[in-house]
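Contents: one structure, followed by commentary.
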Protein chains: 2
Amino acid sequence: MGEPRWLDEREARAWRGLMAMQVDLAEFLDRRLRTRCGLSGADYEVLAHLSEAPEGCARPFVLGRYLGWEKGRLSQHLGRMERRGLVTRDRCPTDQRGAVVAITPRGRDLIEAAAPRHVADVREAVVDHLTPTELEALAAIGETVRARLAALDERRAEP
Amino acid sequence: MGEPRWLDEREARAWRGLMAMQVDLAEFLDRRLRTRCGLSGADYEVLAHLSEAPEGCARPFVLGRYLGWEKGRLSQHLGRMERRGLVTRDRCPTDQRGAVVAITPRGRDLIEAAAPRHVADVREAVVDHLTPTELEALAAIGETVRARLAALDERRAEP
DNA sequence: GCGGACTGGTTGACGTGTGAACCAGGCACG
DNA sequence: CGTGCCTGGTTCACACGTCAACCAGTCCGC
């Protein structure tokens with residue numbers, strides 16, 4: 001474990017910029033969604049996927065795979081959403097151990113009201129203020145970093 | 001409230017890239033910190049700042065201003081850290097309503113062990129895999145977005 | 001001085017995320 | 001057929017963040 005290679009000036013600026021943006025952006029989007037639409041970011045993701053699914057329903061484990069959520073988290077969140085009347089949960093007819101979650105009319109109303117506002121927030125905060133070059137760079141950076149993280153996770157899982 | 005302007009292909013790619021990276025990255029760094037060093041990201045930030053402060057101590061409201069945390073959050077987190085022996089809290093001698101929080105030897109050991117590993121993680125996941133141009137772009141994007149968010153917050157506070 | 005506003009901090013209620021234990025129903029292999 | 005593993009879900013205990021209420025000490029204007 002040799003000497004640590006600290007970040008130089010350029011690296012530190014980029015890193016701090018990324019971290020600070022990340023925190024502020026998440027907070028901004030979540031607050032807007034919550035106060036203007038009555039939905040958390042998590043609610044939004046669930047409803048967005050459900051509203052695009054055929055019949056407006058899906059198996060939780062499929063939903064979880066898609067969202068990248070652990071099953072415990074999904075189960076708890078669906079429980080809260082069910083209590084608020086955004087989704088329903090029923091036993092799956094073809095697999096007795098499973099469930100089927102479906103969006104309610106109320107859930108659909110909320111997500112349909114929220115979606116355009118959310119896109120507007122995203123534009124207002126980010127997309128409309130970056131150049132095409134910057135957008136391209138962002139996509140590339142995102143892909144690079146996610147590939148790295150995936151590689152690191154695999155390496156952790158294998159040996 | 002005209003027609004919503006949905007994201008085009010390029011914009012969506014950049015946006016999804018940013019969001020996915022953000023989530024995966026935060027999870028990766030937090031997990032590494034927690035499993036390898038026994039510290040959460042929040043612990044790390046508090047201890048990092050405290051370890052650089054003169055005498056290793058600071059007033060909570062200064063710490064809060066620096067970290068951008070609400071006071072309730074900071075108070076609760078310091079309580080948990082105090083229970084774990086990472087910091088101490090005492091009444092401030094010069095302002096009877098206030099407190100002074102100080103890093104303990106144990107807290108200092110942990111942060112000094114964690115810091116080089118954390119930097120290594122940051123390099124491994126991000127910094128070492130981006131070009132100088134991309135680092136520059138990241139810094140610029142971060143600044144642009146944070147400026148936008150600050151402007152939006154001000155506008156919300158004023159009228 | 002002193003009454004009211006402001007400031008530094010704590011607390012409680014609640015929504016949310018993580019990890020592990022647990023429980024059923026399916027499935028495969030002897 | 002079992003018996004044992006796998007899988008889909010739930011639940012519990014805990015850490016964490018937000019908001020609002022609250023409390024005590026300080027400061028400011030009269």
Side-chain angles (χ1 to χ4, degrees), chain A residues 22-35 37-47 57-101, chain B residues 22-35 37-46 57-84 86-102 153:
Chain A
Q22 190 231 14
V23 169
D24 291 0
L25 188 53
E27 191 200 322
F28 170 77
L29 290 175
D30 227 68
R31 185 183 316 286
R32 281 254 169 140
L33 223 37
R34 186 174 330 267
T35 61
C37 309
L39 294 175
S40 70
D43 299 333
Y44 184 89
E45 287 183 81
V46 171
L47 292 180
C57 63
R59 297 290 300 273
F61 79 100
V62 176
L63 204 50
R65 200 103 64 202
Y66 177 81
L67 296 169
W69 290 8
E70 295 170 18
K71 57 186 183 174
R73 173 183 178 187
L74 182 58
S75 175
Q76 301 223 45
H77 203 85
L78 289 176
R80 287 189 292 263
M81 291 179 74
E82 190 178 19
R83 254 171 266 134
R84 292 194 288 145
L86 304 180
V87 301
T88 59
R89 276 193 293 187
D90 295 293
R91 292 222 139 261
C92 176
T94 73
D95 184 340
Q96 280 314 110
R97 70 201 150 166
V100 175
V101 50
Chain B
Q22 189 232 11
V23 170
D24 293 359
L25 189 53
E27 191 200 322
F28 169 78
L29 291 174
D30 228 67
R31 185 183 317 285
R32 282 253 168 141
L33 224 37
R34 186 173 331 265
T35 61
C37 310
L39 293 175
S40 69
D43 298 333
Y44 183 90
E45 287 183 82
V46 170
C57 63
R59 296 291 300 271
F61 78 99
V62 176
L63 203 49
R65 199 102 65 201
Y66 176 81
L67 295 171
W69 290 7
E70 295 170 19
K71 57 186 183 173
R73 173 184 178 186
L74 181 57
S75 176
Q76 303 224 39
H77 202 83
L78 289 176
R80 286 189 293 262
M81 293 180 73
E82 190 177 20
R83 256 173 265 136
R84 291 194 290 145
L86 304 180
V87 301
T88 59
R89 278 193 291 187
D90 296 291
R91 294 223 136 262
C92 175
T94 72
D95 185 340
Q96 280 314 110
R97 72 203 148 163
V100 175
V101 50
D153 267 13

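Chain naming here is simple, since letters A, B, ... match the order of the sequence lines and numbering starts at 1 in each. When reading the values below, keep in mind they use all heavy atoms of this one structure, side chains included, and skip hydrogens, waters and symmetry mates.
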* Less than 4.5 Å apart, any side-chain heavy atom of A:Val87 and any of A:Leu47? -> yes

* Overall bend - the helix from C:dG1-D:dC30 to C:dG30-D:dC1, comparing terminal axes fitted on five pairs, nearest 10 degrees -> 10°

* Asked: Do A:Leu25 and A:Val23 come within less than 4.5 Å of each other through their side chains, counting heavy atoms only?
  -> no

* Asked: Tell me, do A:Thr88 and A:Val101 make a side-chain contact under 4.5 Å, heavy atoms counted?
  -> no

For nucleotides 25-28 of chain D, give me every protein contact, N/O to N/O, under 3.5 Å, one pair per line with atom names.
{"from": "D:dG25", "atom 1": "N2", "to": "B:Arg97", "atom 2": "NH1", "distance (Å)": "3.0"}
{"from": "D:dT26", "atom 1": "OP1", "to": "B:Gln96", "atom 2": "N", "distance (Å)": "3.2"}

* Taking the side chain as every heavy atom from C-beta outward, state whether B:Arg34 and B:Leu39 have any atom pair closer than 4.5 Å. => no

* Output all residues satisfying side-chain contact (heavy atoms from CB on, under 4.5 Å) with B:Asp95, sequence neighbours left out; order by chain, then residue number. => B:Arg59, B:Cys92, B:Arg97

* Compare every heavy atom of A:Leu74 with every heavy atom of A:Pro60, then report the nearest pair and how far apart it is. => O-CD2, 3.0 Å

* A:Asp30 side, atom CG; A:Tyr44 side, atom OH - distance, nearest 0.5 Å -> 12.5 Å

* Does B:Arg34 make a side-chain N or O approach to OP1 or OP2 of C:dT18 shorter than 4.0 Å? -> no

* Nearest-Å distance for atom pair OH/P, residues B:Tyr66 and C:dG8 -> 19 Å

* Asked: Stepwise, does the salt bridge (Lys or Arg N to Asp or Glu O under 4.0 Å) test hold for B:Arg84 with B:Asp43?
  -> CA-CA 11 Å; B:Arg84 291 194 290 145; B:Asp43 298 333; 2.5 Å; yes

* To do: Round to a whole Å and report the spacing from CG of B:Leu86 to C1' of D:dA15.
  => 14 Å

* Asked: If only side-chain N and O atoms of B:Arg65 are considered, is one of them under 4.0 Å from the OP1 or OP2 phosphate oxygen of C:dT7?
  -> no

* Structure fact -> note: A:Lys71, atom NZ; C:dC22, atom P; distance rounded to Å ~ 14 Å

* To do: Could you check how far CG of A:Asp30 sits from P of D:dC19, rounded to whole Å?
  => 10 Å

* Asked: Heavy atom of residues 72-85 of chain A under 4.0 Å from DNA chain D: which residues?
  -> A:Gly72, A:Ser75, A:Gln76

* **Length of the CD-C1' vector between B:Glu27 and C:dT16, whole Å** => 15 Å

* Side-chain heavy-atom pair B:Ser75, B:Arg89 within 4.5 angstrom cut-off -> yes

* Structure fact -> Sorted by position of nearest nucleotide on DNA chain C, 5' first, the leading residue of A:Glu70 and B:Val62 is B:Val62

* Asked: Heavy-atom contacts under 4.0 Å between residues 38-45 of chain B and DNA chain C, which residues?
  -> none

* Can you check the A:Asp90 CG to D:dT10 P distance for me, whole Å? -> 12 Å

* **Spacing of B:Arg31 atom CZ relative to D:dA15 atom C1', expressed in whole Å** => 14 Å

* Could I get the full list of side-chain contact (heavy atoms from CB on, under 4.5 Å) partners for A:Arg80, not counting sequence neighbours? => A:Gln76, A:His77, A:Arg83

* Asked: Side chains of A:Leu33 and A:Phe28: does their closest heavy-atom pair fall under 4.5 Å?
  -> no

